[in-house]
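Here's the structure, in structure tokens; my notes come after.
Just so you know, residue 1 is the first one in the sequence shown, and it goes up from there. In each ligand, atom 1 is the first atom listed, and ligand 1 is the first ligand listed.
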Amino acid sequence: GIELGKLLASTGYITYDPGFVNTGSCSSAITYIDGDAGILRYRGYPIEQLAERSSFLEVSYLLIYGNLPTQAQLDDFTQKINRHTLLHEDLKRFFDGFPRDAHPMPVLSSAVSALSTFYQDSLNPFDEPNVELSTVRLLAKVPTLAAYAYKKSIGQPFLYPDNSLGLVENFLRMTFGLPAEPYEVDPEVAKALDLLFILHADHEQNCSTSTVRLVGSSEANLFASISAGIMALFGPLHGGANSAVLEMLNGIKAEGGDVANFVNRVKNKEKGVRLMGFGHRVYKNYDPRAKIIKRTADQILGKLAPNDELLDIAKRLEETALSDDYFIERKLYPNVDFYTGLIYRALGFPTQFFTVLFALGRLPGWIAHWREMINDPQTKIGRPRQIYIGEKEREYTAISER
Ligand code: ACO
């Protein structure tokens with residue numbers, strides 16, 4: 001493939017592939033997807049097994065280092081991460097500069113970008129001990145940054161991390177706890193969030209991961225590349241879809257819960273009306289993550305928000321779409337985002353924050369890809385070509401003559 005690509009480039013031919021639908025941009029040993037069969041594996045392990053038996057930290061280790069950790073390796077990894085959860089006090093002041101109603105995604109991206117100013121030892125992407133340190137810093141600090149972005153948005157004081165807690169428990173406490181009050185983490189809530197993080201942890205060359213790789217291919221550091229990835233995830237066609245699904249469900253509810261009418265609007269391709277949480281570039285079958293998430297939605301909502309009207313609308317929407325020719329012909333199935341918003345909402349997170357939760361889950365995948373990219377001898381700076389369709393050469397005219 002690489003040799004053929006080089007040959008074509010040398011002859012002046014270029015591949016026109018908008019959206020990179022059929023372009024392999026790298027080789028990767030991290031995640032395997034079979035979109036027709038609905039299969040997803042991290043480093044060879046089926047997602048169903050990881051969801052059932054693993055933890056988010058263990059999966060992070062697996063993605064980044066290639067194998068499941070031994071107990072000693074996991075303890076060491078956990079301890080290192082716990083040691084780095086604090087933010088520099090000056091970085092905390094960044095949050096004061098943002099408007100109170102700022103969306104937490106650009107706040108998170110800016111804060112991650114700012115990490116390269118606090119940790120200038122991170123600037124050389126080939127300095128392996130520092131890449132290792134940046135990896136740990138990111139895994140440790142991004143949950144703190146995310147919790148502070150939330151606290152800022154509701155005007156509450158920041159809580160220092162409590163490093164006796166696990167990563168997810170610590171994040172929940174910093175997000176929902178108050179300084180003077182004890183906060184008991186509900187183990188079921190922590191387990192559900194941990195599971196959602198596992199399911200989001202990697203998905204090969206999606207828009208944000210490709211962004212991380214592309215930015216990193218210029219030898220920009222890990223923090224800079226991840227900050228760009230967070231912004232790619234922000235878009236409603238990518239990570240932003242989890243918030244968009246909830247807005248869509250709320251909209252259907254406000255109009256009396258008429259699912260068939262909404263599906264008709266989608267099929268008529270009304271401008272800006274898509275069935276959010278449906279469809280995927282690679283999956284032409286039920287997204288295996290969505291299957292697991294649907295079960296979790298039933299369990300969590302059964303406990304925390306029984307008789308949730310939005311869950312009922314979502315299920316009716318899925319049923320209607322899956323038996324409709326428009327969706328059948330185009331092989332459109334629920335994706336990872338279809339049911340996640342309902343769970344996040346039941347756990348107490350506001351809609352605007354859902355995509356931040358996606359970013360927390362996807363972080364180890366981004367890191368794993370950046371590290372794979374930087375160590376791959378085949379990596380070249382990403383620089384696609386184009387088909388020029390503008391004006392032919394023309395003469396400059398003086399402004400008075402235009
Ligand atoms: N609702 C209605 N129609 C859809 C949908 C949808 N959700 N998704 C695709 N289609 C239709 C398109 O209109 C197109 O129809 P056409 O052939 O008549 O023109 C056909 O299906 C193919 O769709 P494309 O947009 O070409 O597919 P693409 O691979 O470019 O897009 C995407 C994939 C962006 C995920 C799309 O399905 C979509 O917009 N889904 C809704 C947003 C969403 O849920 N995003 C999350 C994706 S998963 C993730 O990032 C975590």
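- Closest to atom 19 (O) of ligand 1 among all protein heavy atoms lies K269 NZ, 3.1 Å.
- Taking every non-hydrogen atom of F358 and a distance limit under 4.0 Å, the qualifying atoms of ligand 1 come out as 51 (C).
- For L237, a nitrogen or oxygen atom sits less than 3.5 Å from a nitrogen or oxygen atom of ligand 1, counting backbone and side chain alike.
- Looking at atom 42 (C) of ligand 1, its nearest protein heavy atom turns out to be M276 CE, 3.5 Å.
- Residue L332 touches ligand 1 through its side chain alone, judged by heavy-atom distances below 4.0 Å.
- Ligand 1 has no atom lying under 4.0 Å from any heavy atom of H203.
- Residue contact check for ligand 1: V336 places a non-hydrogen atom closer than 4.0 Å to it.
- Heavy-atom minimum distance, T379 versus S217: CG2-CB, 4.4 Å.
- When only interatomic distances are considered, the shortest N/O to N/O separation between F278 and ligand 1 falls below 3.5 Å.
- Of all the atoms in ligand 1, the ones that sit under 4.0 Å from a non-hydrogen atom of G279 are 35 (C), 37 (O).
- Close approach to A241 involves these atoms of ligand 1, each under 4.0 Å from a residue heavy atom: 43 (C), 44 (O), 45 (N), 46 (C).
- Under 4.0 angstrom from ligand 1, there are no non-hydrogen atoms of F338.
- Interface atoms of ligand 1 facing G277, defined by a heavy-atom separation under 4.0 Å, are 43 (C), 44 (O).
- In this structure, the side chains of T209 and W370 stay at 4.5 Å or more apart for every pair of heavy atoms.
- The closest side-chain donor-acceptor pair between S28 and E372 falls under 3.5 angstrom.
- Protein heavy atoms all stay at least 4.0 Å away from atom 27 (O) of ligand 1.
- Not close to ligand 1: G19, with no non-hydrogen atom less than 4.0 angstrom away.
- Side-chain contact of T296 with Q299: a donor-acceptor pair under 3.5 Å is absent, judged by distance alone.
- The closest donor-acceptor contact from the side chain of S113 to the backbone of S109 lies at 3.5 Å or more, if one exists at all.
- Counting only heavy atoms of the protein, atom 48 (S) of ligand 1 lies nearest to H280 CD2, 3.7 Å.
- In this structure, atom 4 (C) of ligand 1 is in close contact with the protein, since a protein heavy atom lies within 4.0 Å of it.
- Counting heavy atoms from C-beta on, the side chains of Y150 and F349 never come closer than 4.5 Å.
- The residue among R274, K284, R281, R330 with a heavy atom at the shortest distance from atom 23 (O) of ligand 1 is R274.
- A heavy-atom distance below 4.5 Å is found between the side chains of T397 and R402.
- Against a heavy-atom cut-off of under 4.0 Å, V266 is close to the following atoms of ligand 1: 1 (N), 2 (C).
- In the vicinity of H238, heavy-atom distances shorter than 4.0 Å reach the ligand 1 atoms 46 (C), 49 (C), 50 (O).
- In terms of protein heavy-atom proximity, atom 7 (N) of ligand 1 is closest to L275 O, 2.7 Å.
- Residue R289 has no N or O atom closer than 3.5 Å to an N or O atom of ligand 1.
- Counting only heavy atoms from C-beta outward, the side chains of S60 and F197 never approach each other to under 4.5 Å.
- For ligand 1, the atoms closer than 4.0 angstrom to any heavy atom of D337 are 46 (C), 49 (C), 51 (C).
- The main-chain N or O of P161 is never found under 3.5 Å from a side-chain atom of T85 such that the two would form a donor-acceptor pair.
- Remark: atom 30 (O) of ligand 1 lies closer than 4.0 Å to at least one protein heavy atom.
- In the model, S208 has a side-chain atom that pairs as donor or acceptor with a side-chain atom of N206 under 3.5 Å.
- Classification of the H103-F234 ring pair by plane angle, with boundaries at 30° and 60°, yields tilted.
- Less than 4.0 angstrom separates some heavy atom of Y326 from each of these atoms of ligand 1: 2 (C), 3 (N), 4 (C), 11 (C), 13 (O).
- D287 and K291 are not joined by a salt bridge, as no carboxylate oxygen comes within less than 4.0 angstrom of a charged side-chain nitrogen.
- A donor-acceptor contact shorter than 3.5 Å is absent between the side chain of R385 and the backbone of I14.
- Counted by atom type alone, Q73 and Y65 present zero donor-acceptor pairs between their side chains at under 3.5 Å.
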